[in-house]
Amino acid sequence: TQLLEQSPQFLSIQEGENLTVYCNSSSVFSSLQWYRQEPGEGPVLLVTVVTGGEVKKLKRLTFQFGDARKDSSLHITAAQPGDTGLYLCAGVGSGGSNYKLTFGKGTLLTVNP
Amino acid sequence: GAGVSQSPSNKVTEKGKDVELRCDPISGHTALYWYRQSLGQGLEFLIYFQGNSAPDKSGLPSDRFSAERTGGSVSTLTIQRTQQEDSAVYLCASSLRVTYEQYFGPGTRLTVT
């Protein structure tokens, strides 16, 4: 069974601070996705990283995929209250399981004004 | 345009009762997925449909759980003889094709008393 470990589980910071969330797996996934979920809503896809060593930027968010394609990180610069939410990483299966997403348990981020 | 919709948004039921959860995917999306999100377990894959067929039911927790999809559109997840451990948020997602980006609905919060 492929598992994804996310850390930290909870993160409470002040507006303007930087933060990093980690997602680690003992297995290789074909690609890795990051989602953000707000209360009462479903997860929304932020980014998909495919290539080992890949770095993608989305405004103040920077996503990295490890060289071995088993770990990833999400870095937020100058966090804002609007960044508050549950951040989930999900591994995309390979081969015949390329439809299946395996999710980490998430990082609940609170950005205080 | 309309996103994925789910009904009801909240459902409270007594232990032992059957419940039906409904998902209306985005029009034209051929693939449909069910997930369960619970405290401590995160987001777990239950089943997916390609058209009206369910090639992978491996995530269904027990034979009390079943799902169907009709007309390549609406899907229903049925839980028979509900147990307290079935309490969770049940999320539905759809994608244009299998392996394409999944769009999630807001979920149905099920509480079994």
Side-chain angles (χ1 to χ4, degrees), chain A residues 1-11 21-27 29-50 56 58 63 72 74 85-109, chain B residues 2-11 21 23-26 29-51 53-61 88-110:
Chain A
T1 301
Q2 294 178 308
L3 295 174
L4 281 172
E5 300 286 339
Q6 273 189 253
S7 62
Q9 189 176 356
F10 300 96
L11 192 54
V21 175
Y22 299 93
C23 177
N24 295 295
S25 171
S26 57
S27 304
F29 289 96
S30 65
S31 62
L32 198 136
Q33 299 180 333
W34 284 92
Y35 290 80
R36 180 172 155 219
Q37 184 177 21
E38 298 194 40
E41 299 181 8
V44 175
L45 180 65
L46 296 174
V47 77
T48 300
V49 285
V50 180
K56 281 192 174 178
L58 187 65
F63 304 86
S72 181
L74 158 60
L86 179 67
Y87 289 83
L88 296 158
C89 66
V92 180
S94 56
S97 297
N98 58 1
Y99 57 86
K100 183 178 285 189
L101 300 180
T102 301
F103 283 87
K105 293 184 179 180
T107 294
L108 187 59
L109 171 66
Chain B
V4 178
S5 60
Q6 293 186 245
S7 61
S9 55
N10 282 283
K11 177 72 176 179
L21 311 179
C23 172
D24 282 87
I26 293 172
H29 280 197
T30 63
L32 185 147
Y33 314 79
W34 283 99
Y35 295 86
R36 179 170 72 173
Q37 187 171 31
S38 54
L39 290 175
Q41 293 300 318
L43 236 153
E44 303 170 285
F45 168 86
L46 297 178
I47 185 172
Y48 99 98
F49 289 89
Q50 176 56 46
S53 300
D56 187 352
K57 306 178 183 179
S58 64
L60 294 178
V89 175
Y90 290 82
L91 290 160
C92 174
S94 71
S95 64
L96 185 62
R97 302 282 186 268
V98 175
T99 77
Y100 281 41
E101 177 180 352
Q102 296 184 23
Y103 294 83
F104 285 81
T108 292
R109 180 175 295 279
L110 175 66

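Here is how names work: the chains are called A, B, and so on, in the same order as the sequence lines, proteins then strands, and each is numbered from 1.
- Taken to the nearest 0.5 Å, the OG1 atom of A:Thr48 stands 7.0 Å off from the CD atom of B:Glu101.
- Rounded to the nearest 0.5 Å, atoms OH (A:Tyr99) and CZ (B:Phe45) are 5.0 Å apart.
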Under 3.5 Å, which donor-acceptor pairs do the side chains of residues 89-98 of chain B form with other protein atoms, sequence neighbours left out?
| unit_1 | atom_1 | unit_2 | atom_2 | d |
| --- | --- | --- | --- | --- |
| B:Tyr90 | OH | B:Asp86 | O | 2.7 |
| B:Ser94 | OG | B:Ile26 | N | 3.3 |
| B:Ser94 | OG | B:His29 | ND1 | 2.8 |
| B:Ser95 | OG | B:Tyr33 | OH | 2.9 |
| B:Ser95 | OG | B:Arg97 | O | 2.8 |

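- How far NZ of A:Lys105 is from CG of B:Leu43: 12.0 Å, rounded to the nearest 0.5 Å.
- If you tally non-hydrogen atom pairs under 4.5 Å between each of A:Gly42, A:Pro43, A:Gly106 and chain B, the highest count goes to A:Pro43.
- Distance CZ/B:Phe104 to CG/A:Leu101: 6.0 Å, rounded to 0.5 Å.
- With a 4.5 angstrom heavy-atom cutoff, B:Gln37 touches chain A only via side-chain atoms.
- Heavy-atom distances place no part of B:Thr108 under 4.5 Å from chain A, backbone and side chain included.
- Residues A:Gln33 and B:Gln102 bring no donor and acceptor atom of their side chains to less than 3.5 Å of each other.
- A:Ser97 is linked by a side-chain contact (heavy atoms from CB on, under 4.5 Å) to nothing, counting only residues two or more places apart in sequence or in another chain.
- Relative orientation of the B:Tyr35 and A:Phe103 rings is perpendicular, given thresholds of 30° and 60° on the angle between their planes.
- B:Tyr100 does not touch chain A: none of its heavy atoms, backbone or side chain, sits under 4.5 Å away.
- Of the atoms belonging to A:Gln6, not a single heavy atom falls under 4.5 Å from chain B.
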